[in-house]
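Contents: one structure, followed by commentary.
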Amino acid sequence: MADITVSLPDGSERTLPQGATGADLAASIGKRLARDAVVVEVDGAPRDLSAPLHDGDRVRIITVQDPASAEHLRHSTAHVLAQAVLELWPGATFAGGPPIEHGFYYDFELPDGGTFTEDDLERIDAKMREIIAADQPFERFELPLDDARELMADHPYKRAFMDLAASGDDADGEVSGDGVISFYRNTPTFVDMCLGPHVASTGGLGNFRLTRHGGAYFRGSERNPMLQRIYAVAFPTAAELEEHLRVQAEAELRDHRRLGVELDLFSFPEEIGSGLAVFHPRGGIVRRLMEDYSRRRHEEAGYEFVYSPHITKADLFETSGHLQWFADGMFPPMQVDVPDGADDGAAGTTYYLKPMNCPFHILIFRSRMRSYRDLPLRLFEFGTVYRYEKSGVVHGLTRVRGMTQDDAHIFTTEEQMPDELAGTLTFVLDLLRDYGLDDFHLELSTRPPEKAVGTEAEWERATEALRGAAEGMGLALVLDEGGGAFYGPKISVQARDAIGRTWQMSTIQVDFQLPQRFDLTYVGPDGERHRPIMIHRALFGSVERFFGVLVEHYAGAFPAWLAPEQVRVLPVADTHLDYALEVAAQLRGGGFRVDVAPADETLGNRIRRAKGDKLPYVLVVGDDDVAHRTVGVNPRGGEVERDVPLGSFAERLHGDVESKR
RNA sequence: GCCCGAGUAGCUCAGUUGGCCAGAGCAGCUGUCUUGUAAACAGCAGGUCGUCGGUUCGAGUCCGACCUCGGGCUCCA
């Protein structure tokens, strides 16, 4: 029988006997490679180690050291989860269980509408580890559709995936559409439908942890039944799993909801209502500083400031299209000016809380005749809007029902638009950097197929203009098909924070629609009327969300320019109080935010409290300092320095503020 | 909105199968202590146990509805 020859990524070739598998190949190269091999890629396509190789195959062996192995290990561990659940809950059925970032999930339906509990996760985990200890093989086999349906007779969701694939749907990648269904058998009783590949056996798995459980609609649609999903994190190595869990624990400590209470920044009094925040004095300082700086920069960039009310007659949102397209996101209407004695609900005038600021800015544009000389006209407002968010989605400051947008609408000619978009994007990124975020990527959201006004051609032009601006930035650009607003496509800026999480921040949207709906015009150099184009843009997105992101990014330890309290002066004993007050007064005179903590408590305890409040600087003053007009400087995250002249400390603080460190 | 879980003092939590006057630490207040870099000591005060209704001789504890929060789905700045 003829041998086969395969090539490896380094260009070398190896000759193996006919019928040799990826595992054989690995074994022929080295013991360690054989042990660490997870799957192989043949001509770029992942395959089981047990699959026979063919003459001329280009083969890459993926080991646990290769990041590409994670997906396969996760996928295989998901099967172990399914096996454990099906063994523990006789009569349970399962749907899909794909690998995801950091881990995997699997969807189940338990008998009699059962649900999982926290304790169940422990039982399942224990069962999974038994399966792994048993080192069960993953054995692949294939069946024609009819036989496959019969094999999965007790599992309607698996059959649903087969039917979807048969009708040309992608079936969430669970099955192929070629009429042959592949399965993996672990034990005589456990078989899962799967495209594969899988690890050779369960023994190599184990670096996982079950994390959460919750409801999830089948295939993500509200119209489908709700299944019970279990999430897990999983990594090729134990060290990676540990690191991930460490970062998670860190993220929990940074949670802005927790820090908001601890640092006395803001709260959500139950009496006010879900998703409605109040900012306390310390949070108020931070917010005001954020806003003040933003105002200054916007002024310098040619924006003009406007103000508009929070509520308006329904007609305005009829004209804008919001009542047609965005009504679900709006608070219910209120009837006002109802005539005495009228019991007809339709009598009077209908008002709405505003969910967006654009119509108001449009009315400002339209308040008089505009010339091309006025354009681009950039109207800016910290506009507070109200959105009726579904009860299950409200979340801290990042998803609220009342928020303030740093909202601007730019009215331009069509010719000006590309430059204006590029300028806006540059401005936005620059400003975000000043707030300490500097790792970005961009996302381009296109026409939502079922929910869009305007013609395809208009959408196309707007989308291309945005794409051009985005591509000019030299940042990664991700396509978000169908994710645009009803009136136009958008670019959103995604920022990565200090511990690597990405947040959607700024959005820039092109809008041909509202200028038409409101019949906006300007007079061009030719004396004729022309239609302007609108650009909607928000940089913080919402001030509340941005505030929450900054709290998490800085873990509550705001840089000096934003810190609510920059310095706290601690006299060692009462005899140093007058000097401490003098130091504080002098620093305040320099424009700094300073408090004094008198010697009612031990110095150690006052230091501890100040550190807990995450101040940039704690100053300790005692006999030596009174005598020499110095201070002891205890900086956040640094070493204590004694006998620092007050003047040089003030300069240092000034430098921190100026450099926004 | 849907699935699950939770709501006890400002915060973090105890409170056994329904049964004496609902507890602790931190925070707060009052004293004493007068401190050189991450917790001095003592005392005081603080709760209609989320709200409303029900079961019961008796409810923080059991049941229902609503409100709020947390985790997930869907949605989103």
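Each chain gets a letter, A, B and so on, in the order its sequence line appears, and its residues count up from 1. Heavy atoms only: backbone and side chains are in, while hydrogens, waters and symmetry mates are out.
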- Message: Measure CG/A/D119 against P/B/rG71 and give the value in whole Å, please.
- Response: 20 Å

- Within this structure, what is the CD-to-P distance between A/E443 and B/rC76, rounded to whole angstrom? 12 Å

- Over how many whole Å does the gap from A/Q494 atom CD to B/rA77 atom C1' extend? 11 Å

- Mind checking the C1' distance from B/rC63 to B/rC29? Whole angstroms is fine. 42 Å

- Message: If you assign each of A/G220 and A/V394 to its closest nucleotide in RNA chain B, which residue comes earlier from the 5' end?
- Response: A/V394

- Query: What integer number of Å spans the P atoms of B/rG18 and B/rC2?
  - Reply: 32 Å

- Let me know the distance between CG of A/L276 and C1' of B/rU68, rounded to the nearest Å. 12 Å

- Query: Does A/K490 place a side-chain N or O at less than 4.0 Å from the phosphate oxygens OP1/OP2 of B/rA77?
  - Reply: yes

- Message: I want to verify a distance call: between B/rC73, B/rA77, B/rU34, whose nearest atom is closest to the A/T507 side chain?
- Response: B/rA77

- Item | Contact under 4.0 Å: A/R257 side-chain N or O vs B/rG71 OP1/OP2 | yes

- Task: Using only side-chain N and O atoms of A/R609, determine if any of them is under 4.0 Å from OP1 or OP2 of B/rA27.
- Result: yes

- Query: Counting only side-chain N and O atoms of A/R229, is one of them less than 4.0 Å from OP1 or OP2 of B/rG72?
  - Reply: no

- Message: Students often get this wrong, so: under 4.0 angstrom with heavy atoms, is A/G541 touching a base, only sugar-phosphate, or nothing?
- Response: sugar-phosphate

- What integer distance in Å separates A/H256:NE2 from B/rC69:C1'? 13 Å

- Query: Would you find a donor on one side and an acceptor on the other, under 3.5 Å apart, between the side chain of A/H553 and the backbone of A/A498?
  - Reply: yes

- Side-chain-base donor-acceptor pair under 3.5 Å for A/D625 and B/rG36: yes

- Is a donor-acceptor pair below 3.5 Å formed from side chain A/Q509 to base B/rA77, judging by atom type as modelled? no

- A/A573, nearest nucleotide to its side chain (from B/rA77, B/rU37, B/rU34): B/rU34

- Message: OP1 or OP2 of B/rG1 versus the side-chain N and O atoms of A/Y388: is any pair under 4.0 Å?
- Response: yes

- One should read off an interatomic distance between A/T398 OG1 and A/H256 NE2, to the nearest 0.5 angstrom, of 5.0 Å

- Query: Is the side chain of A/D613 donor-acceptor paired with the backbone N or O of A/L615 at a distance under 3.5 Å, no angle test?
  - Reply: no

- Task: Please determine, for B/rA14, whether a Watson-Crick or G-U wobble partner exists with both distances under 3.5 Å, and give it or none.
- Result: none

- Message: Can you tell me which nucleotide in B/rG1, B/rC4, B/rC76 comes closest to the side chain of A/R399?
- Response: B/rC76

- Message: Could you tell me the Watson-Crick or G-U partner of B/rC57, where both distances fall under 3.5 Å? Say none if there is no partner.
- Response: B/rG19

- How would you label the contact of A/G275 with the nucleic acid (heavy atoms, under 4.0 Å): base, sugar-phosphate, or nothing? sugar-phosphate

- Message: Can you check the distance between B/rC49 and B/rC21, where both ends of the measurement are the P atom (answer in whole Å)?
- Response: 16 Å

- Is any side-chain nitrogen or oxygen of A/S492 closer than 4.0 Å to OP1 or OP2 of B/rA77? no

- Task: Using a heavy-atom cut-off of under 4.0 Å over every strand shown, decide if A/E601 touches base, sugar-phosphate, or nothing.
- Result: base

- Short side-chain N/O contact from A/H395 to OP1 or OP2 of B/rG71, under 4.0 Å: yes

- Spacing of the C1' atoms in B/rG31 and B/rG71 (rounded, Å): 47 Å

- Task: Look at all strands and tell whether A/S274 reaches a base, only sugar-phosphate, or nothing, counting heavy atoms closer than 4.0 Å.
- Result: sugar-phosphate

- Rounded C1' spacing from B/rG58 to B/rC69 in Å: 31 Å

- Message: Can you measure A/F266 atom CZ to B/rG10 atom P for me and round it to whole angstrom units?
- Response: 19 Å

- Query: Considering only B/rC2, B/rC76, B/rU68, which nucleotide approaches the side chain of A/M226 most closely?
  - Reply: B/rC2

- Message: Of the listed nucleotides (B/rC76, B/rG36, B/rU74), which one gets closest to any side-chain atom of A/R545?
- Response: B/rC76

- Query: Whole Å only: how far is the CD atom of A/E118 from the C1' atom of B/rA6?
  - Reply: 11 Å

- Query: For A/T502, does its backbone N or O pair with a side-chain atom of A/R496 as donor and acceptor, under 3.5 Å?
  - Reply: no

- Message: Under 4.0 Å, heavy atoms only, any strand: does A/Q504 hit a base, just the sugar-phosphate, or nothing?
- Response: sugar-phosphate

- Item | Side chain A/D255, main chain A/E252, donor-acceptor under 3.5 Å | no

- Task: Return the nearest nucleotide to the side chain of A/D624; candidates are B/rC2, B/rA39, B/rG36.
- Result: B/rG36

- Query: Hey, is the main chain of A/M290 close enough, under 3.5 Å, to the side chain of A/S294 for a donor-acceptor pair?
  - Reply: no

- Does a nitrogen or oxygen in the side chain of A/T602 sit under 4.0 Å from OP1 or OP2 of B/rA40? yes

- Residue closer to the 5' end of RNA chain B, A/Q405 versus A/G604 (nearest nucleotide): A/G604

- Item | A/Y231 side chain near B/rC73 phosphate (N/O to OP1/OP2, under 4.0 Å) | yes

- Query: Using purine N1 to pyrimidine N3 plus N6-O4 or O6-N4 for Watson-Crick, or N1-O2 and O6-N3 for G-U wobble, both under 3.5 Å, which nucleotide pairs with B/rC41?
  - Reply: B/rG31

- A/V261 side chain: which of B/rC11, B/rC4, B/rU37 is closest? B/rC11

- Query: Out of B/rA77, B/rU37, B/rU68, which has the shortest distance to the side chain of A/E270?
  - Reply: B/rU68

- With a 3.5 angstrom cut-off on both distances, give the Watson-Crick or G-U wobble partner of B/rA6, or none if there isn't one. B/rU68

- Query: For A/P99, does its backbone N or O pair with a side-chain atom of A/R74 as donor and acceptor, under 3.5 Å?
  - Reply: no

- Whole angstrom is fine here: how far is it from CG in A/L603 over to P in B/rA40? 10 Å

- Task: Would you kindly check whether a donor in the side chain of A/Y217 faces an acceptor in the base of B/rG1, or vice versa, at under 3.5 angstrom?
- Result: yes

- Separation between the C1' atoms of B/rA77 and B/rG5, rounded to whole Å: 28 Å

- Message: Over all strands shown, is A/N605 touching base, sugar-phosphate only, or nothing at heavy-atom distances under 4.0 angstrom?
- Response: sugar-phosphate

- Message: Roughly how many Å apart are B/rA14 and B/rU8, using the P atom of each and rounding to a whole number?
- Response: 10 Å

- Side-chain donor or acceptor of A/H628 paired with backbone N/O of A/D625 under 3.5 Å: no

- Return the orientation label for the A/F380 and A/H298 ring planes: parallel under 30°, perpendicular over 60°, tilted otherwise. tilted

- For A/V400, report the nucleic acid contact type (base, sugar-phosphate, nothing); a contact means any heavy atom under 4.0 Å. base

- Report yes or no: does A/R378 contribute a side-chain atom to a donor-acceptor pair with the main-chain N or O of A/A408 at less than 3.5 Å? no

- Message: Please give the distance between the P atoms of B/rU16 and B/rG53 as a whole number of Å.
- Response: 25 Å

- Message: If you compare every side-chain N and O of A/T115 against the phosphate oxygens of B/rC3 (OP1, OP2), does one of them come in below 4.0 Å?
- Response: no

- Message: Starting the side chain at C-beta, find the nucleotide from B/rU37, B/rC3, B/rA77 nearest to A/N634.
- Response: B/rU37

